[in-house]
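First up is the structure itself, then whatever we jot down about it.
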Amino acid sequence: MPKNSNFFLDVYDVVRCIPYGRVSSYGAIGAYLGTVKSARMVGWAMNQAHNLSPPVPAHRVVNRNGLLTGKNHFSTPTRMHELLTNEGVQVINDQIINLEEYFWDPQDHLQC
DNA sequence: TTCCTGACTCCAG
DNA sequence: CCTGGAGCCAGGA
């Protein structure tokens, strides 16, 4: 059923490259792939990422404000928050604290 | 087939 | 400072 289009695979690849305890944004991933204005597609890709293997750490992907906009799409609304907190990321009221400290831009690393 | 929605972001008013 | 519209494109009804 998944089309596995190149774009989606690239998204998954980038997300899987996000280090432990770090987070990234849809826009940053889109920018890395050259489709800045397609941030929605990144989110859409995450929607399919649930059944993929190896699993994609979708909880490390948030919007540009560090807000856990996708928490509702996890098994439980608190799952995303719990996972991030478990990795040492401070999250309060569904928002990441000190986002700049945890933010990971794929363009910064250029590779895993 | 068309129409609508959405885990986003930017820009104008 | 806050609000709304546009761009993006894949799927479901």
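This one's a predicted model, so the numbers in the text were calculated from it and none came from an experiment. Residue numbers start from 1 in every chain, and the chains themselves are labelled A, B, ... in the order their sequence lines are given, proteins ahead of strands.
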P spacing across the pair dC4(B) / dA6(C), given as an integer number of angstrom: 14 Å

Minimum heavy-atom distance L84(A)-R60(A), with the two atoms named: CD2-CA, 4.3 Å

CZ of F7(A) versus P of dA10(C): gap in Å, rounded? 9 Å

Do the side chain of N93(A) and the main chain of Q95(A) share a donor and acceptor less than 3.5 angstrom apart? no

Between dT5(B) and dG5(C), how far apart are the two P atoms, rounded to whole Å? 14 Å

Check nucleotides 2-7 of chain C against the protein and report each pair of N or O atoms closer than 3.5 Å, with its distance, or say if there are none.
| residue | atom | partner | partner atom | Å |
| --- | --- | --- | --- | --- |
| dG7(C) | O6 | R40(A) | NH2 | 3.4 |

Stepwise side chain to side chain contact (heavy atoms under 4.5 Å, CB included) check, K71(A) with D94(A): CA-CA 8 Å; K71(A) 65 166 192 161; D94(A) 299 331; 2.8 Å; yes

So N63(A), base contact, sugar-phosphate only, or nothing? Heavy-atom distance under 4.0 Å. sugar-phosphate

Using a 3.5 Å limit on both distances, find every run of at least three consecutive Watson-Crick or G-U pairs that involves DNA chain C. B:2-6 with C:9-13, B:8-13 with C:2-7

Are any side-chain N or O atoms of S24(A) and backbone N or O atoms of W104(A), one a donor and one an acceptor, separated by less than 3.5 Å? yes

Respond yes when some side-chain nitrogen or oxygen of T35(A) is under 4.0 Å from OP1 or OP2 of dC9(C), and no when none is. no

If we ignore hydrogens and angles and just use 3.5 Å, is the side chain of Y12(A) paired with the main-chain N or O of A45(A) as donor and acceptor? yes

To the nearest angstrom, how far is R64(A) atom CZ from dC8(C) atom P? 19 Å

Give, for atom CG of N86(A) and atom OH of Y20(A), the distance between the pair rounded to the nearest 0.5 Å. 5.0 Å

Looking only at non-hydrogen atoms, find the nearest pair between A28(A) and F103(A) and report the distance. CB-CZ, 3.8 Å

Whole-Å distance, L68(A) CG to dC8(B) P, equals 12 Å

Any sub-3.5 Å donor-acceptor pair from H59(A)'s side-chain atoms to R79(A)'s backbone N or O? no

Round to a whole Å and report the spacing from OH of Y12(A) to C1' of dA7(B). 12 Å

With a 4.0 Å cutoff (strictly under), does any side-chain N or O of Q48(A) reach OP1 or OP2 of dA7(B)? no

Whole-Å distance between dA10(C) P and M46(A) CE? 16 Å

Can you tell me whether the side chain of H59(A) and the base of dA7(B) have a donor-acceptor pair closer than 3.5 Å? no

What's the shortest heavy-atom distance between F74(A) and A58(A), and which atoms? CZ-C, 3.8 Å

Grab the CE-P distance between M41(A) and dC9(C) for me, whole Å please. 8 Å

Need one value for A45(A): base, sugar-phosphate or nothing, where a base atom within 4.0 Å counts as base even if backbone is also close, heavy atoms only. nothing

So which atom in N63(A) and which in L67(A) form the shortest heavy-atom distance, rounded to 0.1 Å? OD1-N, 2.7 Å

Check every atom of dA7(B), dT9(B), dG11(C) against the side chain of W44(A) and return the nucleotide holding the closest atom. dG11(C)

In whole angstroms, the gap separating P of dC8(B) from CG of L33(A) amounts to 17 Å

Just how far, in rounded Å, is C1' of dA7(B) from CG of L67(A)? 11 Å

